[in-house]
Amino acid sequence: MHRFPLPTKHLDIRRCVTSGQVFRWSQSQDGIWRGVDGGSWFKTERGEVTSNSPPEVFERLFRLDADAETLFPALLAAGPELEPYLDALPGLRVMRPSDPVEALFCFLCTPNNHIKRITAMIDHLAGFGPRGSDGVQRFPEIGAIAAIEESRLRGLGFGYRGATIPHIAAQLLEHGGRSYLAELSRATYREAHQELLSFKGIGPKLADCIALFALDHTEAAPIDTHVWQAVTRLYFPDWRDLPLTDVRYRTAGDFLRNRFGPNAAWAQQFLFYENQLNWRSRR
DNA sequence: TACGGACCTTTC
DNA sequence: AAAGGTCCGT
C-alpha cells in the first residue's frame, strides 16, 4: 500500500477522467475518486492518493512527466488560438494507460455510443477478467475476450459490438497478441494507424484512439463529433456542419499533426473538452 | 471516391 | 434524436 500527495498543480482529476480518455474511474457522493488502470487501483481523498502502486505509476498514468511549464508554451507557439482553452482547462492531461489490451477493448465499446452505456459495457467486460486477492477486478486477457459468446455480450446490452469485440480479439491473437501490439507501439504512428484500420470494426477514429491510448502515439488526434465541431470552427469554416468523411478526417488530422507534431493529441484533448463544455451555450 | 442507410441500446 | 462510428451498399 502506498500513500502520497496528490500533485494538484497542473492536474485536475475530474477533467482528466471525464473527458472520455479512461472509463474505469468514478466519483462517489463524498467526492472521492476511485480508479483502476491495469493492475493498479487508486483512491484520491483530501489531497492524498492511496494506491497499491508507487507514485511513479500514478505519475505515468497522468503523464506528469510532460511538464506543463514547457508543454503549454510549445502548444501556444504552434497554435496561439488555443490560449483560451488552455486557460480554461489548465489541469487537463493526456493520459497514458498502462495496459494496451485494456485500453484497446475499452475503446471498442465507444463507437456510436454514449458515456453512460460505455462505462456499463466496460464494467461487464472487466467482469470476464480475474479478480485479484486485493479485490481489484483485472481486465480479461485477449484470449478470454475471444472466447466470449456473441449472444452472451448481446444479453449484456452490447448490441452489435457483441460480435465485433470477440472477433477482433481472435484476429489480434492471430497477429501475435500482446507482442503484436508492442510492435505497433514501436512502429510509427502512420504505420500503426494503417495496420489498425485492417480490423473489421476499427475505423479511422477508433484507430486513432487506440494508437494514442493503447500504443502511446501522441501524434494521433482522434476526431469525433466534438473535435470535428471545434476543428471546423477554428480551422475549416467551410466545412462547418458537413459530415465527417474519410477525406475530411484525414485532412483535419494531418492539419493538427502538421501544426502540433507529437503534441497533436494534447491539442485534440483541449479542443474536445472545450467543445464539451461550451456546445450547449453555442446552440 | 463519395454519399446514405443500417446498426444495438440507452439516455436526453 | 443522438450518442467520442463503421460497414456496406449504390
Side-chain angles (χ1 to χ4, degrees), chain A residues 15-26 85 89 92-95 97 102-125 148-169 171 193-214 217 220-233 236 238-239 241-253 256 264-283:
Chain A
R15 282 175 171 161
C16 294
V17 307
T18 60
S19 61
Q21 305 183 58
V22 294
F23 302 96
R24 300 190 68 197
W25 285 71
S26 61
Y85 315 137
L89 303 160
L92 184 59
R93 312 291 305 177
V94 173
M95 297 186 74
E102 178 177 314
L104 187 153
F105 285 98
C106 283
F107 278 98
L108 287 186
C109 296
T110 65
N112 192 21
N113 210 348
H114 50 85
I115 297 285
K116 200 132 188 178
R117 185 177 172 214
I118 291 167
T119 53
M121 286 165 60
I122 287 170
D123 284 345
H124 277 126
L125 208 48
I148 305 173
E149 289 289 332
E150 171 183 348
S151 57
R152 183 92 183 275
L153 291 180
R154 281 188 178 267
L156 292 170
F158 278 63
Y160 58 84
R161 301 171 201 80
T164 55
I165 288 173
H167 184 246
I168 286 173
Q171 269 185 283
H193 189 264
Q194 186 172 357
E195 182 78 14
L196 290 167
L197 282 180
S198 69
F199 289 80
K200 184 179 164 183
I202 299 181
K205 151 65 166 64
L206 268 187
D208 270 332
C209 288
I210 294 165
L212 174 55
F213 293 112
H217 285 294
I223 297 175
D224 62 17
T225 57
H226 298 285
V227 176
W228 178 238
Q229 286 178 29
V231 162
T232 53
R233 196 171 59 248
F236 297 91
D238 292 347
W239 285 352
D241 301 322
L242 292 181
L244 181 49
T245 62
D246 279 354
V247 169
R248 293 189 195 120
Y249 189 99
R250 170 65 72 108
T251 305
L256 292 177
W266 285 89
Q268 183 269 359
Q269 268 313 298
F270 282 99
L271 295 176
F272 170 79
Y273 212 138
E274 188 278 337
N275 201 69
Q276 281 281 63
L277 290 178
N278 296 324
W279 71 274
R280 283 178 199 282
S281 60
R282 274 198 295 272
R283 288 272 152 172

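In what follows, chains carry the letters A, B, and so on, assigned in the order in which the sequence lines appear, proteins first and then strands, with residues in each chain numbered from 1. Just the heavy atoms: all of them, side chains too, but no hydrogens, waters or symmetry mates, feed the values below.
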A:Asp208 atom CG is separated from C:dT6 atom C1', nearest whole Å, by 14 Å

Distance col, row A:Ile118:CD1 vs A:Lys116:NZ, nearest 0.5 angstrom, shows 13.0 Å

Within the 4.0 Å heavy-atom criterion, would you say A:Val227 contacts the bases, only the backbone, or no part of the nucleic acid? nothing

May I ask you to verify whether the side chain of A:His114 and the base of B:dT10 hold a donor-acceptor pair under 3.5 Å?
-> yes

Taken in chain and number order and not counting sequence neighbours, the residues that satisfy side-chain hydrogen bond (donor to acceptor under 3.5 Å, both in side chains) with A:Arg152 are none

Encoded 5' to 3' (Watson-Crick or G-U under 3.5 Å; [ ] crossing; | other strand), DNA chain C becomes |||.||||||

Here the distance between atom P of B:dT10 and atom NZ of A:Lys116, to the nearest Å, is 13 Å

Value for CZ (A:Arg24) from CD (A:Glu102), rounded to nearest 0.5 Å, stands at 4.5 Å

Between CZ of A:Arg248 and P of B:dA2 the distance, given in whole Å, is 9 Å

So CG of A:Leu153 and CG of A:Leu125: to nearest 0.5 Å the spacing works out to 7.0 Å

Exactly one candidate in A:Cys109, A:Cys106, A:Pro97 meets side-chain contact (heavy atoms from CB on, under 4.5 Å) with A:Phe23; the answer is A:Cys106

From NE2 of A:His226 across to C1' of C:dG4 the rounded distance in Å is 6 Å

Ranking C:dG4, B:dC3, C:dG5 by distance to the side chain of A:Pro222, first place goes to C:dG4

On a heavy-atom basis, the closest approach of A:Asn112 and A:Arg161 is O-NH2, 3.0 Å

In terms of heavy-atom contacts, A:Leu256 and A:Ala221 come closest through CD1-CB, 3.9 Å

Taken to the nearest whole Å, CG/A:Leu242 to P/B:dA2 is 13 Å

Taking every heavy atom of A:Leu108 against every heavy atom of A:Ile165, the minimum-distance pair comes out as CB-CG1, 4.1 Å

Per the under-4.0 Å heavy-atom filter, residues of residues 160-169 of chain A near DNA chain B come out as A:Tyr160, A:Arg161

Rounded to the nearest 0.5 Å, the CZ atom of A:Arg248 sits from the CG atom of A:Leu242 at a distance of 4.5 Å

Closest heavy-atom pair, A:Trp239 versus A:Thr232, reported as atoms and distance to 0.1 Å, is O-CG2, 3.8 Å

Separation of C:dG5 atom P from A:Leu244 atom CG, nearest Å, is 10 Å

Under a 4.0 Å heavy-atom cutoff, the residues of residues 117-125 of chain A touching DNA chain B are A:Arg117

A:Ile115 atom CD1 is separated from C:dA2 atom C1', nearest whole Å, by 14 Å

Out of B:dC8, C:dG4, B:dA2, minimum distance to the side chain of A:Gln21 belongs to C:dG4

P spacing across the pair B:dC8 / C:dG9, given as an integer number of angstrom
15 Å

Where do N or O atoms of nucleotides 7-10 of chain C meet protein N or O atoms at under 3.5 Å, pair by pair?
{"unit_1": "C:dC7", "atom_1": "OP1", "unit_2": "A:Gly201", "atom_2": "N", "d": "2.7"}

Check your understanding: Looking only at atom P, what distance separates C:dG4 and B:dG5, rounded to whole Å?
Key -> 23 Å

Q) Looking only at atom P, what distance separates C:dG5 and B:dT1, rounded to whole Å? A) 25 Å

From CG of A:Asn113 across to P of B:dT9 the rounded distance in Å is 11 Å

Original post:
If you count the non-hydrogen atoms of other residues, nucleotides and ligands that lie under 6.0 Å from CG in A:Asp123, is the total more than 12?
Top reply: yes

OG1 (A:Thr245) and CZ (A:Arg250) are apart, to the nearest 0.5 Å, by 12.0 Å

On a heavy-atom basis, the closest approach of A:Gly157 and A:Arg117 is O-NH2, 2.8 Å

Checklist line | Flag for A:Gln21-A:Ser19: side-chain donor and acceptor within less than 3.5 Å | finding: yes

N/O donor to acceptor pairs below 3.5 angstrom from side-chain atoms of residues 198-213 of chain A, sequence neighbours left out:
{"unit_1": "A:Ser198", "atom_1": "OG", "unit_2": "A:Glu195", "atom_2": "O", "d": "2.6"}
{"unit_1": "A:Asp208", "atom_1": "OD1", "unit_2": "A:Tyr189", "atom_2": "OH", "d": "2.6"}
{"unit_1": "A:Asp208", "atom_1": "OD2", "unit_2": "A:Tyr249", "atom_2": "OH", "d": "2.7"}

